[in-house]
There are 2 protein chains.
Amino acid sequence: MPAANDCIEMLDSETKAVETPEDHADELRLWLRLLTCTTLIEGEVRGRLRQRFDVTLPRFDLMAQLDKAADGMTLSDVSKRMMVSNGNVTGLVERLVESGHLDRRTSETDRRVQVIRLTKLGRAEFRRMASEHETWIADLFADLTPKDVRELMRLLAKTKASAQKSAGRRRP
Amino acid sequence: MPAANDCIEMLDSETKAVETPEDHADELRLWLRLLTCTTLIEGEVRGRLRQRFDVTLPRFDLMAQLDKAADGMTLSDVSKRMMVSNGNVTGLVERLVESGHLDRRTSETDRRVQVIRLTKLGRAEFRRMASEHETWIADLFADLTPKDVRELMRLLAKTKASAQKSAGRRRP
DNA sequence: GGAAAACATTTTAGGCTTAAAACAATTTGG
DNA sequence: CCAAATTGTTTTAAGCCTAAAATGTTTTCC
């Protein structure tokens with residue numbers, strides 16, 4: 001094979017318009033590790049919530065969103081914050097209203113909008129759960145030093161930004 | 001209130017048998033950020049798999065496990081690797097056998113065990129999808145430097161170990 | 001003002017997921 | 001050897017979740 005060919009390939013690789021299959025194994029491994037960590041912790045939290053409080057993780061997450069919003073939230077807000085589909089929120093809210101944890105009313109100014117809030121019961125139960133939940137999380141991350149935590153925060157912020165940019169390129 | 005009380009509290013805090021509510025806000029924020037990153041990327045991959053190949057993420061994940069195992073795997077193995085429940089795998093496999101992607105047979109040596117493998121079709125389709133999938137992941141992580149990737153790998157390994165230890169303390 | 005676009009939510013259909021119980025087969029320890 | 005424990009899988013009941021279509025409401029903009 002003539003040497004000229006190698007030159008062309010090298011030029012290609014420098015201009016980033018490459019034919020040769022690039023190696024993305026590292027990123028793939030990173031993604032799998034990220035997924036493993038999340039799945040592991042999520043499963044642990046899910047199990048503890050069920051055992052200790054007989055509540056599901058999605059219900060807890062939804063209540064967590066509402067606890068931060070004194071004036072309530074619309075279903076769309078919740079859906080965006082939780083990064084789940086609208087229909088998912090509809091069902092989740094239905095069950096939490098049914099069990100007396102949420103209050104739901106149609107907005108006065110826009111009849112399309114449903115505003116939901118924690119009831120007194122819902123807030124009390126959530127606070128009780130959240131306090132214990134926080135200690136579980138601390139325990140799960142216990143072997144990380146404060147520096148590790150800072151560094152992870154920084155790198156995950158960068159990861160999030162990168163992923164959002166990439167997602168945005170596809171669906172602008 | 002007498003000053004002696006403060007001394008006792010301080011001793012407690014040093015011996016780690018503490019009454020005062022410790023601040024775990026950082027770990028909580030870290031956990032939420034980790035979850036956000038994973039959800040974001042997972043949703044993006046899920047959408048692309050559906051649009052591009054009309055396949056669900058769980059099916060893809062299951063096939064990915066089998067692609068690495070030339071001699072097939074038992075349902076239990078798959079269940080552990082994917083970190084999902086046994087019943088979940090049963091249903092997933094059922095549908096993939098139905099669609100011709102998987103082959104399933106009872107083990108010769110232990111009639112409790114089901115061994116599953118990719119069919120020729122399953123392997124071909126998976127390889128086709130996996131190659132594109134790898135470029136998506138690379139793109140989603142594109143803004144991370146090689147050093148960022150290494151550092152994240154290291155910190156996530158530490159996180160995983162910490163979480164496993166904590167989970168093990170509860171369920172030994 | 002009114003048609004068209006945009007928005008918020010619900011519905012639908014199908015698949016995913018879990019925890020727990022049930023079932024079947026094998027291994028273990030008297 | 002055989003009862004008891006363990007292991008691998010399936011079943012069950014309930015809930016979670018998504019994408020896409022449908023419904024009702026508000027805004028936009030001609």
Side-chain angles (χ1 to χ4, degrees), chain A residues 35 38-40 42-63 72-99 101-102 104-116 171, chain B residues 35 38-40 42-63 72-99 101-102 104-116 171:
Chain A
L35 187 55
T38 300
T39 306
L40 184 61
E42 194 169 329
E44 195 60 24
V45 171
R46 184 195 311 281
R48 294 191 198 201
L49 281 174
R50 174 179 292 273
Q51 286 212 329
R52 191 84 182 71
F53 300 114
D54 192 34
V55 75
T56 67
L57 182 53
R59 273 162 157 91
F60 178 83
D61 286 343
L62 176 34
M63 287 196 270
M73 296 174 80
T74 69
L75 296 204
S76 281
D77 287 346
V78 172
S79 163
K80 283 189 198 84
R81 288 297 196 92
M82 292 182 73
M83 299 195 280
V84 300
S85 67
N86 288 338
N88 189 357
V89 174
T90 297
L92 224 34
V93 166
E94 213 161 60
R95 288 182 286 270
L96 280 166
V97 168
E98 167 71 23
S99 64
H101 293 84
L102 256 56
R104 157 209 243 155
R105 61 188 59 172
T106 302
S107 162
E108 301 281 332
T109 60
D110 186 340
R111 274 180 305 176
R112 288 172 302 182
V113 173
Q114 302 286 317
V115 178
I116 53 177
R171 205 182 343 78
Chain B
L35 187 55
T38 300
T39 307
L40 184 61
E42 194 170 329
E44 195 60 24
V45 171
R46 183 194 312 282
R48 295 192 199 201
L49 281 174
R50 174 178 291 275
Q51 285 213 329
R52 192 81 181 71
F53 300 113
D54 193 33
V55 74
T56 67
L57 183 52
R59 274 160 156 90
F60 178 83
D61 286 345
L62 177 34
M63 288 196 268
M73 296 174 80
T74 70
L75 296 204
S76 280
D77 287 345
V78 172
S79 163
K80 283 189 197 82
R81 287 297 196 91
M82 293 182 71
M83 300 196 279
V84 300
S85 66
N86 287 340
N88 191 354
V89 174
T90 296
L92 224 33
V93 166
E94 214 161 60
R95 287 182 288 270
L96 279 166
V97 168
E98 167 70 23
S99 64
H101 294 84
L102 257 56
R104 157 210 242 155
R105 61 187 58 171
T106 303
S107 161
E108 301 282 329
T109 60
D110 186 340
R111 274 180 304 176
R112 289 171 302 183
V113 174
Q114 302 287 316
V115 179
I116 53 176
R171 205 182 341 80

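The figures that follow rest on heavy atoms only: side chains count, while hydrogens, waters and symmetry mates do not. The sequence lines fix the lettering, A, B, ..., with proteins before strands; numbering per chain opens at 1.
In this entry the distance linking NZ of B:Lys80 with P of D:dT9 reads 8 Å, nearest Å. Whole-Å rounding puts the B:Asn86 CG to D:dT11 C1' distance at 12 Å. Residue A:Leu62 contributes atom CG, which lies 10 Å from atom P of D:dC16 at whole-angstrom precision. Atom CZ in B:Arg48 sits roughly 18 Å away from atom C1' in D:dT18 (whole-Å rounding). Going from atom CD of B:Glu42 over to atom C1' of D:dC16 covers 14 Å, rounded to whole Å. The interatomic distance linking A:Leu92 (CG) with D:dG15 (P) rounds to 11 Å, in whole Å. Protein atom CD of A:Glu94 is 12 Å distant from nucleotide atom P of C:dT12, rounded to whole Å. Taking atom CE on A:Met73 and atom C1' on C:dT9, their separation rounds to 15 Å, with Å as the unit.
Within 6.0 Å of atom CZ in A:Arg48, more than 12 heavy atoms from other residues, nucleotides or ligands are found, so the atom counts as buried in its surroundings.
For B:Arg95, whose side chain is taken as the heavy atoms from C-beta onward, the closest listed nucleotide among D:dT10, D:dT18, C:dG15 is C:dG15. For A:Arg112, the side-chain atoms get nearest to D:dT26 when compared with the rest of C:dC16, D:dT26, D:dA19. Looking at the side chain of A:Gln114, the nearest of the listed nucleotides C:dT9, D:dC17, D:dT11 is C:dT9.
B:Arg104 has no side-chain polar atom (N or O) that falls below the 4.0 Å cut-off from OP1 or OP2 of D:dG8. For B:Asn88, a side-chain nitrogen or oxygen approaches OP1 or OP2 of C:dT18 to under 4.0 Å. Remark: A:Thr56 is in phosphate contact with D:dC16, judged by side-chain N or O atoms under 4.0 Å from OP1 or OP2.
Residues A:Ile116 and A:Leu75 approach most closely at CD1-CD2, 3.7 Å, considering heavy atoms. In terms of heavy atoms, A:Leu40 sits closest to B:Met83 at N-CE, 4.4 Å. For B:Glu42 against B:Leu57, the heavy-atom pair with the smallest separation is CG-CD2, 3.4 Å. A:Val84 and A:Ser79 make their closest contact through O-OG, 2.8 Å (heavy atoms, listed as atom of the first residue, atom of the second, distance).
When heavy atoms are screened at a 4.0 angstrom cut-off, B:Thr74 is found touching the sugar-phosphate backbone but no base atom. Residue contacts for A:Leu57: at a heavy-atom cut-off of 4.0 Å it reaches no nucleic acid atom on any strand shown. Heavy atoms of A:Asp110 sit under 4.0 angstrom from primed sugar atoms or phosphate atoms, though from no base atom. At a threshold of 4.0 angstrom between heavy atoms, the contacts of A:Ser76 are confined to the sugar-phosphate backbone, with no base atom among them.
Along DNA chain C, the nucleotide nearest to B:Arg59 and the one nearest to B:Arg111 differ in position, and the one closer to the 5' end is contacted by B:Arg59. Of the two residues contacting DNA chain D, namely A:Thr109 and A:Gly91, the nearest-nucleotide position lying further toward the 5' end is that of A:Gly91.
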